[in-house]
Amino acid sequence: MSTLKYKRLFEPIKLGNTIFQNRLFSSPQDTYRLTYEGFLDDNATAFYETKALGGFASVCVGDVMIDARAGHSHPFQLNADDVKARVSLTRTASAISRHSVVAAAELNHAGKNSNVMAAREGFVYGLVEEMRPDGIEIRAMDEAWIERLIKCYADAATFVIQCGFGMITLHGGHGWLIGQFMSPYDNKRKDRWGGSLENRMRFPLAVIEAVRARVGAAVPIEIRISGTEGMEGGIQIDEAVEMAKMMDQKVDILHISAGHHEIPDSYFLSHPAMFDPDGVNVKYAEQVKKQVSTPVATVGALTDPDMMEEVLAAGKADILALGRQTLADPNLPLKARTGHEDEINQCLRCYTCFSTSATKGIFYCATNPLIGHERDSLNENPPRYQKKVLVVGGGIAGMQAALTASERGHEVILCEKTEALGGVLLCEKDVDFKKKLDIYIERQKRCLSRSSVDVRLGINVTPEYAEALAPDVIIAALGSRQVVPPVKGIDGTKVFAAEEIYLDPDKAGRNVVIMGGGLVGLELGIFLAQKN
């Protein structure tokens, strides 16, 4: 008798002639790990292969741009019209598919947001003549240019299939080119390509038809659209449902996201924050699924397999597409399938990955040290010599250091001077919008209890204590403390550190001045405001 807990999550689904091993898909993600020529390097390939190893049914390589001249929003996007890209795309598709995982390629075009063309040529092509807010001229696409773009999508689909990809994902949401044609906010054309819903849908339907003609009925085609653009004058859910009905049975997956990439407030619909509940955008997929027969995918703030199983059981979606969660824990499917769901590292939705990709060009994760180092991890050899490691401090860094050293085969002793693991961040335990942080800390403690790490609480490590243990290595994970500036009155009875107020909000009184507008100050302000 099967003891599989998540029967719906791990039920196969057939799309086209392809069988997907479960309902967990890794949604489109791009990577800045490119060569000088703009091709995926070995680190990028490992980035995608890591997700395949984790058990996702499909892994999608994002932002494969269909038009090198006029399609890129930033330089770190792939070209589907450069034959020299064949080698790196083929290698990456192979790295994904050799694990019985379907490699998907997301075909995209930035339309009027083609910033690379703007920097190079001083103008861009859009749907109508206008000026961008940054002063860049937008020239209206004529009929020939539109027909050219349709062919570009078809050519790109042919190219990536030749490279070994098994599914085509068309990005029709978030304010990119296809979405610009669909949206009444962006599409102000007066000809057959704009105006009525039928006219605004002419371009995406033509792209779907052209791609299908190239790849045939056997290859699955997925289209991502915004269930709402979340702004006045944009697509709303009722119209999105009508759009989905017009594409029903013309594609194999209707991938329902939300938001508009170029509108700041709407951007956070696409990428929900820690203040949003899990599965905040499922409601859009649910509305579409009621009206179509094509399988529907939902995306956004999906971290908990229990909740995802409920989404499938309730018939709100057929497929769960995970984005940032694949960074926090690329092994989520494997853990959920093998009964280790309580060891899943749930995404905090803290935006560290976005921040580091923007500032450093690499995805790093606040809670998963593997991310950004996937190639090293895939090729890691066991240590030549087992060492005795003393980790001093049981906060966030100390716990992870102990787990990593233990996983690599070392003897590890972890000492914490208090009676609890978790360090300074335990003060945020009861902050509602930080509940994922508490889940993370408890998860780390659970993993330590199941490891070979010798955890010693209430131990203040002195030089004598350390010397008696005779470790080969000491890792000093002593935690952080706030900087106290030399300001008159700083030692007053009404002056507190953020940590103290989190632990005892009543100390704040009714009228509060917060000194410091960084993340600590901002989050403390929100916390106190929520408590009136």
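Each residue takes its place number in the sequence, starting with 1. None of the values given here were measured: they were computed from a predicted structure.
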Is the closest side-chain heavy-atom distance between [X] and [Y] below 4.5 Å?
X      : Y      : value
Phe165 : Val64  : no
Arg224 : Pro28  : yes
Leu24  : Leu322 : yes
Leu107 : Ile168 : yes

Residues which pass side-chain hydrogen bond (donor to acceptor under 3.5 Å, both in side chains) with [X], listed by chain and number, not counting sequence neighbours:
X      : value
Glu11  : none
Asn281 : none
His340 : Thr338
Glu49  : Arg98, His99

Ring centres under 6.0 Å, that's the criterion: do [X] and [Y] meet it?
X      : Y      : answer
His271 : Phe354 : yes
Phe363 : Tyr32  : no
Phe268 : Tyr351 : yes

Look at the side chain of [X] and the backbone N and O of [Y], then say whether any donor-acceptor pair between them is shorter than 3.5 Å.
X      : Y      : value
Thr35  : Phe39  : yes
Ser58  : Val102 : yes
Gln325 : Cys347 : yes
Thr352 : Ala366 : no
His171 : Gly173 : yes
Thr462 : Tyr465 : yes
Ser226 : Gly259 : yes
Asp318 : Val296 : yes
Arg443 : Glu343 : yes
Arg33  : Ile362 : no

Distance (rounded to the nearest 0.5 Å) between [X] [atom1] and [Y] [atom2]:
X      : Y      : atom1 : atom2 : value
Leu327 : Glu374 : CG    : CD    : 8.0 Å
Leu519 : Cys350 : CG    : SG    : 9.5 Å
Met167 : Ile221 : CE    : CD1   : 10.5 Å

So, are [X] and [Y] salt-bridged, with charged N and O less than 4.0 Å apart?
X      : Y      : result
Arg349 : Asp276 : no
Asp472 : Lys388 : no
Glu341 : Lys5   : yes
Asp329 : Lys335 : yes

Next item on the list: For Glu500, check side-chain contact (heavy atoms from CB on, under 4.5 Å) against everything at least two apart and list the hits.
Entry: Phe496, Ala497, Lys507
Checklist line | Partners passing side-chain contact (heavy atoms from CB on, under 4.5 Å) against Ser73 (at least two apart in sequence or in another chain) | finding: Gln77, Ala110, Asn115, Trp176
Next item on the list: Apply side chain to side chain contact (heavy atoms under 4.5 Å, CB included) to Met247 and Ile223, showing your working.
Entry: CA-CA 9 Å; Met247 294 182 285; Ile223 187 165; 3.8 Å; yes
With a cut-off of 3.5 Å and sequence neighbours excluded, list every side-chain donor-acceptor pair involving residues 473-482.
none

Is there a donor-acceptor contact under 3.5 Å linking the side chains of [X] and [Y]?
X      : Y      : value
Ser406 : Ser451 : no
Gln386 : His410 : no
Glu222 : Thr169 : yes
His174 : Ser257 : yes

Check: Does any pair with a residue in residues 274-306 pass ring-ring contact (aromatic ring centres under 6.0 Å, His included), and if so which ones, sequence neighbours excluded?
Finding: Phe275-Phe433
Next item on the list: Locate the shortest heavy-atom distance separating Leu426 from Leu421; write the atom from each residue and the value.
Entry: CD1-O, 3.5 Å
Check: What are the two closest heavy atoms between Cys163 and Ala93, and how far apart are they?
Finding: O-CB, 3.6 Å
Margin query: Pair Arg375, Asp41 - check salt bridge (charged side-chain N to carboxylate O under 4.0 Å, His left out), show working.
Written below: CA-CA 10 Å; Arg375 183 187 177 196; Asp41 67 8; over 6 Å; no
Note to self: Does atom CG (Asn379) have a neighbourhood of more than 12 heavy atoms from anything else shown, all under 6.0 Å?
What the structure shows: yes
Note to self: Heavy-atom count check: over 12 atoms from other residues, nucleotides or ligands less than 6.0 Å from Lys417 NZ?
What the structure shows: no
Next item on the list: Evaluate the side chain to side chain contact (heavy atoms under 4.5 Å, CB included) criterion for residues Asp454 and Arg456: first the C-alpha distance (whole Å), next the side-chain angles of each, then the deciding distance (0.1 Å), finally the verdict.
Entry: CA-CA 6 Å; Asp454 179 1; Arg456 303 181 184 184; 2.9 Å; yes
For residues 390-402, run the donor-acceptor check on the side chains, cut-off 3.5 Å, and write out each pair with its distance to 0.1 Å, sequence neighbours left out.
unit_1, atom_1, unit_2, atom_2, d
Gln400, OE1, Gln444, NE2, 3.0
Gln400, NE2, Thr404, OG1, 3.0

Note to self: With side chain to side chain contact (heavy atoms under 4.5 Å, CB included) as the criterion, how do Leu40 and Tyr48 come out once you've worked through the C-alpha distance, each side chain's angles and the decisive distance to 0.1 Å?
What the structure shows: CA-CA 11 Å; Leu40 295 166; Tyr48 295 110; 4.3 Å; yes
Item checked: side-chain hydrogen bond (donor to acceptor under 3.5 Å, both in side chains) contacts in which one or both residues fall within residues 355-370, not counting sequence neighbours -> Asn345-Thr367
Would you be so kind as to tabulate the donor-acceptor pairs closer than 3.5 Å made by side chains of residues 522-532, with sequence neighbours excluded?
unit_1, atom_1, unit_2, atom_2, d
Glu523, OE1, Lys434, NZ, 2.8

Note to self: Between Val61 and Glu106, is the side chain to side chain contact (heavy atoms under 4.5 Å, CB included) condition met? List the steps.
What the structure shows: CA-CA 6 Å; Val61 176; Glu106 179 193 49; over 6 Å; no
Without placing hydrogens or testing angles, list every side-chain donor-acceptor pair under 3.5 Å for residues 301-311, not counting sequence neighbours.
unit_1, atom_1, unit_2, atom_2, d
Thr303, OG1, Asp278, OD2, 2.9
Thr303, OG1, Gln346, OE1, 3.1
Thr303, OG1, Lys436, NZ, 2.7
Asp304, OD1, Asp306, N, 3.0
Asp306, OD1, Tyr6, OH, 2.8
Glu309, OE1, Arg8, N, 3.4
Glu309, OE1, Leu9, N, 3.0
Glu309, OE2, Lys7, N, 3.3
Glu309, OE2, Arg8, N, 3.1

